[in-house]
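Only heavy atoms go into these numbers, but all of them, side chains included; no hydrogens, no water, no symmetry mates.
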Amino acid sequence: MNASPAGPEGTVPATSADPAPGAAATASSGPAVGGVPQPVPPSPEVLSAEAAAGPAGPAGARGRITSVALVIGGIVSLQFGSSVAVLLFPRAGALGVVTLRLVVASLVLLVVCRPRVRGYTRGDWATVLAFGVALAGMNSLFYQAIDRIPLGAAVTLEFLGPLILSVATSRRRLSLLWAALALGGVVLLGREGFDGLNLAGAAFALAAGGLWAAYILLSARTGQRFPQADGLALAMTVAALLSLPLGIAGAGFALIDPVTVGLGAAVAMMSSVLPYTLELLALRKLPASGFAVMMSLEPAAAATAGFLVLHQALGWAEVLAIGLVVIASVGAVRSAGAHN
């Protein structure tokens, strides 16, 4: 998951999730609109610099194209990182890989952000603790899912969490259409038989999606209480500490094997640190609504990564199902943006 943040599966995206287990939201994001956290308005210095550079014209267009490329790079990195994680499961197990990913990501963020720990209220710490719990749970459940079902199907099911959140927070009747399309995608995924997908794996993916929705809301709230990416660094540390006992119990001495640690660090960089950095840079020029629409491509990217790296071929029903969920997500986000 993105987890990106993100997205979906724990990925640490700049405005949404996992997955996953996206995304993650940037720790400087503002209130959520249609389930998508909106970035805090830029400072006067940033506005002055952008005005001097000229936001319109060829330079502005190049900036937007670059931002789109950065987002696509983050999505590709996240999903291929998840594919590498699956290859690592035989060495350390799903829980062991989650632990390696969260521990490495938290260490990198702590070194880069150097968050202060004084001057916060109990409410601030309660928020960051809840954010950390959501991160740990989202990543753990998503990795349990991709250990049992194809990556593309797992991300599609997980993506229903933020999609339902977006539909639920919208007051437009058109949202019912997007919900129906998403439901059609899930039904098509079951066409081959959810027993073929593995019921436990599907359940883990759906549960990860629920925590992805919680992650989106908590990331926006954390961004309101903590400066820069401090809240994200602290929440990632909480998630790493929560996953550590489970990882040790599941993987044992494999967690200190140099090869396993190296591969786990690669997963952390591909699935958390790199996507978060690319998406954070992209949001300087790309509106949050446009970013959220691009995040809707994650199920398709996951299916591609699963096919190329893990040789997980999909039938026509699964491909159509992923397409329906992508269309529903794009429609839901655009409807929410138009309404707001």
**Listed partners of F80 passing ring-ring contact (aromatic ring centres under 6.0 Å, His included), at least two apart** = none

**Item:** Distance, nearest 0.5 Å, that separates CG of L211 from CG of L206
**Value:** 11.5 Å

**Fill in**
Closest heavy-atom pair, A301 versus I75, reported as atoms and distance to 0.1 Å, is CB-CG2, 3.5 Å

**Request:** For residues Q79 and V155, determine if any side-chain heavy atom of one lies less than 4.5 Å from a side-chain heavy atom of the other.
**Result:** yes

**Item:** Rounded distance [0.5 Å steps], CE in M138 versus OH in Y143
**Value:** 10.5 Å

**Request:** Locate the shortest heavy-atom distance separating L218 from A134; write the atom from each residue and the value.
**Result:** CD1-CB, 4.0 Å

**Asked** Going hydrophobic residue to hydrophobic residue with side-chain gaps under 4.5 angstrom, can you get from L88 over to I248?
**Response** no

**Prompt:** Hey, what do you get for CG (L234) to CH2 (W125), rounding to the nearest 0.5 Å?
**Reply:** 5.0 Å

**Asked** In terms of side-chain heavy atoms, does D124 have a donor or acceptor partner in T127 at a distance below 3.5 Å?
**Response** no

**Asked** Are V267 and V86 co-members of a hydrophobic cluster defined by side-chain heavy atoms under 4.5 Å apart?
**Response** yes

**Exercise: identify the closest heavy-atom pair between A302 and L151** = O-CD2, 3.5 Å

Would you mind writing out the side-chain donor-acceptor pairs for residues 104-120 within the sub-3.5 Å range, not counting sequence neighbours?
{"unit_1": "S106", "atom_1": "OG", "unit_2": "L102", "atom_2": "O", "d": "3.1"}
{"unit_1": "S106", "atom_1": "OG", "unit_2": "V103", "atom_2": "O", "d": "2.7"}
{"unit_1": "R116", "atom_1": "NH1", "unit_2": "R118", "atom_2": "O", "d": "2.3"}

**Message:** How close do T99 and S243 get, counting heavy atoms only, and between which atoms?
**Reply:** OG1-O, 2.9 Å

**Pairwise distance CZ(F142) to OG(S82) - rounded to 0.5 angstrom** = 4.5 Å

**Prompt:** Mind checking whether F89 and I146 have side chains closer than 4.5 Å, heavy atoms only?
**Reply:** yes

**Request:** Kindly work out whether a path of hydrophobic side-chain contacts (I/L/V/M/F/W/Y, heavy atoms less than 4.5 Å apart) joins V309 to V76.
**Result:** yes

**Item:** Shared hydrophobic cluster, L100 / M269 (ILVMFWY, side-chain heavy atoms < 4.5 Å)
**Value:** no

**Fill in**
dist R101:CZ -> N139:CG (nearest 0.5 Å) comes out at 4.5 Å

**Item:** Straight-line distance of L78 CG to L278 CG, nearest 0.5 Å
**Value:** 11.0 Å

**Request:** Run the numbers on R225 and V128 for side-chain contact (heavy atoms from CB on, under 4.5 Å), then give the verdict.
**Result:** CA-CA 9 Å; R225 293 173 176 266; V128 84; over 6 Å; no

**Verify same cluster id: L263, M270 (apolar side-chain graph, 4.5 Å)** = yes

**Asked** Nearest heavy-atom pair of A205 and L157: which atoms, and what distance?
**Response** CB-CB, 3.8 Å

**Item:** Closest approach of P299 to T156 (non-hydrogen atoms, all atoms of both residues)
**Value:** CB-OG1, 3.6 Å

